[in-house]
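Heads up, the thing below is written out as structure tokens.
Keep in mind that what you see is a predicted model, and the values were worked out from it rather than measured. Order of appearance sets the numbers: ligands from 1, and atoms from 1 within every ligand. Values reported hereafter were calculated over all heavy atoms of this structure, with side chains retained and with hydrogens, waters and symmetry mates removed. Throughout, numbering of the chain's residues begins at 1 and tracks the sequence.
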Amino acid sequence: HSASSHVIIVFGASGDLAKKKIYPTLWWLFRDKLLPSNTHFVGYSRSNLTVDNLRSNAMPYLNAKDSEWTQLDEFFKRNSYVQGSYDKPEDFIRLNKFIVDNFSACSNRLFYLATPPSQFISVATNLKAHCTAESDGLWNRLIVEKPFGKDLDSSEVLAKHLSSLFSEDQIYRIDHYLGKEMVQNVVVLRFANRVFSPLWNRDNIANVVVTFKENFGTEGRGGYFDEFGIIRDVMQNHLLQILCLIAMERPISMEANDIRDEKVKVLRCMRPLSLDDVVVGQYVADPENGKPGYLDDPTVPAGSITPTYAVAALYGVPFIVRAGKALNEKKCEVRIQFKDVIADILPSGAVHRNELVLRVQPNEAVYMKLMTKRPGMGFGAEETELDLTYNRRFTDLKLPDAYERLLLDVLVGSQINFVRTDELREAWRVFTPALHALESQRVAPHPYPYGVRNGPPQSDEFMRRLGFTFSGQY
Ligand code: BG6
């Protein structure tokens with residue numbers, strides 16, 4: 001039968017992610033009338049809260065215009081809040097009764113696990129036992145946020161547990177980078193353009209660099225961050241996902257499993273990283289700009305060796321991934337550097353390598369660096385760009401937020417942009433040995449001052465050794 005309603009239950013409703021991402025996303029989808037008409041939202045956490053508290057916590061992130069206030073009221077009228085523990089069956093029984101009494105037993109249920117990772121297993125067990133919709137034709141889906149474990153073993157424990165409770169097609173492991181416009185564009189750019197496919201191989205490509213930079217440090221989020229570090233925070237997931245899309249073969253179709261099959265093949269080719277394949281850094285105070293060092297953050301344990309910057313070389317072409325906090329700017333891009341041409345008919349040193357750049361953020365763009373004759377009487381070669389900057393080419397287009405797209409995907413049951421169990425396992429297999437070696441040998445990260453462009457100088461040296469030639473704004 002057709003469901004009479006949808007209920008979205010947010011576990012961890014009092015948390016940071018809920019107020020900054022989940023509630024704003026639900027509001028935008030509601031405002032834009034993208035949700036099924038009879039959708040209700042239930043927040044759940046251990047804190048003693050009301051819907052008004054949820055509203056005021058999320059307010060700074062909702063971007064609601066004055067003209068939207070009536071709608072905003074309607075949105076929050078659809079919200080409720082249930083206080084409860086993450087481990088007591090009776091609390092989950094009460095939550096279920098609340099849903100049945102207030103909405104309907106016949107509702108599809110979307111459970112968003114935005115709790116601390118230590119609670120995943122207990123929440124999943126209890127909600128499976130007491131809160132799932134049981135009638136035929138209704139669905140129960142689970143959104144899980146990273147961290148999915150801390151290494152191969154802990155992630156396997158979690159994966160096994162989840163798969164004993166839910167089937168793979170009910171589990172949506174969110175990696176919000178897969179919801180970004182430019183990341184979704186990779187498949188179209190690669191497979192809908194004749195000009196790229198013959199060049200998309202190691203004979204023509206010298207290296208691929210995926211870069212993630214942020215111009216802020218931990219700023220009070222040190223408690224979480226220090227336990228994980230930059231490799232687990234963004235590299236093993238966001239950057240590796242982008243890389244898989246760049247490196248994979250053409251999928252058989254755009255079906256979720258066909259795409260994920262190809263991504264898994266890329267990962268399976270990668271050998272596990274050792275200490276020689278990574279360089280790590282940690283930011284220190286820069287007296288010139290008055291910015292604090294990582295260890296100055298009171299939420300960071302004294303003497304921590306957690307990396308806030310890392311660069312790693314993955315198998316093949318080479319593929320380089322690098323990520324850093326407290327650098328000069330916020331930026332994420334993919335840079336594909338082509339090999340040198342035989343340029344001996346032109347003055348030596350005049351010709352630079354071609355590069356294809358996909359700028360994921362900010363200011364989405366695809367541009368290709370190429371050589372051209374400097375216009376005019378002379379005959380000099382000059383580097384220039386074919387430039388597709390989105391906000392110039394696609395004026396008045398509003399790009400949806402990554403979370404908006406991904407939540408809609410879950411509601412329609414599309415797993416294209418979610419991480420499958422085997423993908424996750426392979427990603428951990430690649431990074432775990434390097435992570436364990438860094439930690440067991442207590443490898444000291446190279447210092448870099450807050451606000452520099454490229455992390456510690458050892459990072460540039462490492463890339464140079466891999467054959468990267470630096471030109472312009474890399
Ligand atoms: C999160 C990381 O997954 O991604 C954060 O935990 C990081 O440390 C964030 O700041 C970056 O996301 P975005 O969409 O702002 O680039």
Side-chain angles (χ1 to χ4, degrees), residues 12 15-25 28 60-61 63 112-117 120 143-150 155 172-186 210-243 245 280-283 294 297 299-300 304 306-310 321-334 358-365 390 399-407 417-419 423-424 427-428 431 435 450-451 455:
D16 216 44
L17 185 74
K19 75 173 179 204
K20 288 188 181 152
K21 285 289 179 192
I22 303 174
Y23 281 102
T25 304
W28 296 324
Y61 308 97
N63 302 332
Y112 202 130
L113 265 67
T115 61
F120 281 173
I143 301 183
V144 198
E145 277 280 345
K146 79 166 168 63
F148 312 118
K150 285 190 76 174
S155 146
Y172 289 73
R173 285 181 204 83
I174 207 161
D175 183 313
H176 77 284
Y177 268 61
L178 292 176
K180 294 197 186 256
E181 184 66 39
M182 191 53 65
V183 177
Q184 301 209 332
N185 185 32
V186 172
V210 184
T211 299
F212 168 101
K213 299 166 94 175
E214 278 181 343
N215 55 353
F216 47 89
T218 45
E219 266 101 343
R221 205 169 148 256
Y224 157 81
F225 186 86
D226 195 75
E227 209 187 317
F228 294 92
I230 195 76
I231 296 178
R232 293 182 177 96
D233 190 39
V234 299
M235 192 177 264
Q236 178 268 358
N237 35 61
H238 305 329
L239 302 193
L240 196 60
Q241 284 292 330
I242 297 178
L243 191 65
L245 292 169
V280 293
Q282 190 186 77
Y283 65 91
Y294 179 66
D297 182 333
T299 56
V300 169
S304 165
T306 298
T308 61
Y309 180 96
V321 282
R322 57 182 189 139
K325 299 236 167 215
L327 296 173
N328 65 329
E329 59 184 337
K330 178 162 170 72
K331 180 159 104 176
C332 177
E333 65 170 32
V334 181
L358 315 186
R359 191 162 63 227
V360 176
Q361 65 188 32
N363 195 10
E364 292 82 350
Y390 275 34
L399 301 183
D401 181 78
Y403 272 89
E404 276 178 83
R405 270 188 241 258
L406 296 177
L407 238 111
N417 299 307
F418 293 83
V419 180
E423 252 181 287
L424 178 63
W428 277 124
F431 279 98
L435 286 164
Y450 193 127

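Here Tyr294 contributes atom OH and Thr299 contributes atom OG1; the two are 7.5 Å apart, rounded to the nearest 0.5 Å. Rounding to the nearest 0.5 angstrom, the gap separating the CD atom in Gln282 from the NZ atom in Lys325 is 13.5 Å.
Atoms of ligand 1 found under 4.0 Å from any heavy atom of Lys180, numbered from 1 in the order shown, are 13 (P), 14 (O), 16 (O). Within ligand 1, counting atoms from 1 as listed, the ones closer than 4.0 Å to a heavy atom of Asp233 are 2 (C), 5 (C), 6 (O), 8 (O). Per-residue contacts place Arg221 under 4.0 angstrom from the following atoms of ligand 1 (heavy atoms of the residue considered): 2 (C), 5 (C), 6 (O), 8 (O). Close contacts between ligand 1 and Gln361 involve ligand atoms 13 (P), 16 (O) [criterion: under 4.0 Å to a heavy atom]. Interface of Lys146 with ligand 1, defined as ligand atoms under 4.0 Å from a residue heavy atom, comprises 1 (C), 2 (C), 3 (O), 6 (O). Using a 4.0 Å cut-off to heavy atoms of Lys330, the atoms of ligand 1 that qualify are 13 (P), 15 (O), 16 (O).
Side-chain polar atoms of Asn215 and Tyr450 form no donor-acceptor pair below 3.5 angstrom. Between the side chains of Tyr390 and Glu181, no donor N or O sits under 3.5 Å from an acceptor N or O.
Among all protein heavy atoms, the one lying closest to atom 1 (C) of ligand 1 is His238 NE2, 3.7 Å. Looking only at heavy atoms of the protein, atom 12 (O) of ligand 1 is closest to His176 NE2, 3.1 Å. Given atom 7 (C) of ligand 1, the protein heavy atom at minimum distance is Glu214 OE2, 3.3 Å.
For the pair Lys19 and Tyr23, the NZ or CZ position fails the cation-pi test of under 6.0 Å to the six-membered ring centre and within 45 degrees of the ring normal.
In this view, Tyr309 and Tyr448 satisfy the ring pair (Phe, Tyr, Trp, His ring centres under 6.0 Å) rule, not counting sequence neighbours.
Using a 4.0 angstrom heavy-atom cutoff, Tyr177 counts as in contact with ligand 1.
The two residues Leu406 and His176 come nearest to each other via the heavy atoms CD1-CA, 3.6 Å.
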